[in-house]
Engineer: 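The structure that follows is given in the form of structure tokens.
What you see below is based on every heavy atom in this structure, not just the backbone, and it leaves out hydrogens, waters and symmetry mates.
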Amino acid sequence: MTKMVDWDFAVTLGAKVAGEGPEVTSADAATVVAELRADADRSTALVRDFTGLVAAERTAPVLIVDRRGWVQANADGFSRILEPMISRLAEKRGVPQGLSLTIGSRVTGAEVGLLLGFLGTKVLGQFDPFYEPSGRLLLVAPNIVHVEREIDADESDFRLWVCLHEETHRVQFTAVPWMRDHLFSQMQALTETMEPSRMLDDVLRRVSEAIRGGGGSLLDLVSSPEQKAIIDRITGVMSLLEGHADVVMDGVGPSVIPSVDVIRARFNERRKGVGTLDRVLRRLLGLDAKMAQYRDGAAFVRHIVDQAGMEQFNAVWEEPAHLPSKAEIGDPAAWMRRVL
């Protein structure tokens, strides 16, 4: 069924859109890769000591990738998550053949490629929990170098700071073994509720609205109560994971990263985005909402840790029922009453 999307074309186009990134010499590139790998290893113990979460032995590898490597990894992930929706579309319309299949798969591949190409210039790192057997950590070296230059950060400090955030995600999924299946099941449930035949018209309408300065993200296309309930659950989980990682990177930072306050201030300013096209794409792709996840999730974690301590907060990892809802992310006292 995945032949209905030309994933190879998506990767090729996405890599071209993303570009190579900043120019570095071979020697400097080797230094960056070695330092990121060492920082990822160093971060494991730092995250464990701060959070109390003990990850399994490193079953999830650390990969230092270029932009094309990140695009390829995410195309692989998308193909798995979207498979149920593609299969349903094939059942309704039949599997296209010949020229229709070639053209249709190229068009869809182009849409995915443009999306991945844009994001491939933004992402510094990512934990891919759905990579078999137990996930993998991706650090996008060109983007890390680009940002550290753009905000004039101390290179060694910034690289460790990024690794602390991303290593926290690796620890979250390997120390909490049920998290991977829980999140995947929610994403699968969402795709199973979506009607593929309506998606193209809705997407084009949303793009037009965003260019005119209105509208919301593509996620706003979900409309049924069932879809909204799933989105709320996913939002709660993602806000927790992202906010927790931000708390860790800033909590550990002062003891090992001398310039952490300067980095955080400059990085937050950069997160606002620059330029009309960048703002339109951020709105469409929900990146503004993503920034809210960092902010609101971090406030949730800090409130509970301040009130009850890290050990009590860690009840959130005990079972899926202890995960916060979207509403509880904004009202941590409600989560404390329910769980603690």
Engineer: Please find the pair of heavy atoms, one from T168 and one from L164, that lie closest to each other, and give the distance.
Structural biologist: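 Scanning both residues, the minimum pair turns out to be OG1-O, 2.7 Å.
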Engineer: Ion pair present between R48 and E167, side-chain N to carboxylate O less than 4.0 angstrom?
Structural biologist: no
Engineer: Any non-hydrogen side-chain atom of I263 less than 4.5 Å from a side-chain atom of I257?
Structural biologist: yes
Engineer: Do the side chains of R338 and D331 get close enough for a salt bridge, i.e. N-O under 4.0 angstrom?
Structural biologist: no
Engineer: Is the shortest side-chain heavy-atom distance between E242 and D246 below 4.5 Å?
Structural biologist: no
Engineer: Is V17 reachable from V71 through a run of I, L, V, M, F, W or Y residues, each pair having side-chain heavy atoms under 4.5 Å apart?
Structural biologist: no
Engineer: Using side-chain heavy atoms (C-beta onward) and a distance below 4.5 Å, is D250 in contact with R264?
Structural biologist: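 Counting from C-beta outward, D250 and R264 do come under 4.5 Å.
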Engineer: Hey, are the side chains of T51 and H244 touching, using non-hydrogen atoms and a 4.5 Å cut-off?
Structural biologist: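 In short, these two side chains touch, coming nearer than 4.5 Å.
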Engineer: State, yes or no, whether a side-chain contact exists between F130 and D76 at a heavy-atom distance under 4.5 Å.
Structural biologist: no
Engineer: Please tell me whether H169 and E166 have a donor and an acceptor in their side chains that are separated by less than 3.5 angstrom.
Structural biologist: no
Engineer: Using the rule side chain to side chain donor-acceptor pair (under 3.5 Å), only one of K122, R67, E148 pairs with N143; which is it?
Structural biologist: R67
Engineer: Do we see a donor-acceptor contact under 3.5 Å between the side chains of D157 and S259?
Structural biologist: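 The criterion, which ignores hydrogens and geometry beyond distance, is satisfied for S259 and D157.
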Engineer: CG of L340 to CZ of R337: how many Å apart, nearest 0.5 Å?
Structural biologist: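 These two atoms lie 11.5 Å from each other.
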Engineer: Heavy-atom count around E20 CD within 6.0 Å, excluding the residue itself: above 12?
Structural biologist: no
Engineer: Flag the pair H303 / W335 as yes when their ring centroid distance falls below 6.0 Å, and as no otherwise.
Structural biologist: no
Engineer: With a 4.5 Å cut-off on side-chain heavy atoms, are D28 and E155 touching?
Structural biologist: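 E155 vs D28: side chains apart.
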Engineer: Side-chain contact test, heavy atoms from C-beta onward, threshold under 4.5 Å: evaluate it for P129 versus M179 and give yes or no.
Structural biologist: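 Counting from C-beta outward, P129 and M179 never come under 4.5 Å.
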Engineer: Can you name the nearest heavy-atom pair linking V147 to F158, along with the distance?
Structural biologist: CG1-CZ, 3.5 Å
Engineer: Test L139 against every option in V32, L63, L36 by the side chain to side chain contact (heavy atoms under 4.5 Å, CB included) rule and name the one that passes.
Structural biologist: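 Of all the options given, the one that passes is L36.
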Engineer: Within the 4.5 Å heavy-atom criterion, are P324 and F300 side-chain neighbours or not?
Structural biologist: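 Touching, per the 4.5 Å side-chain cut-off.
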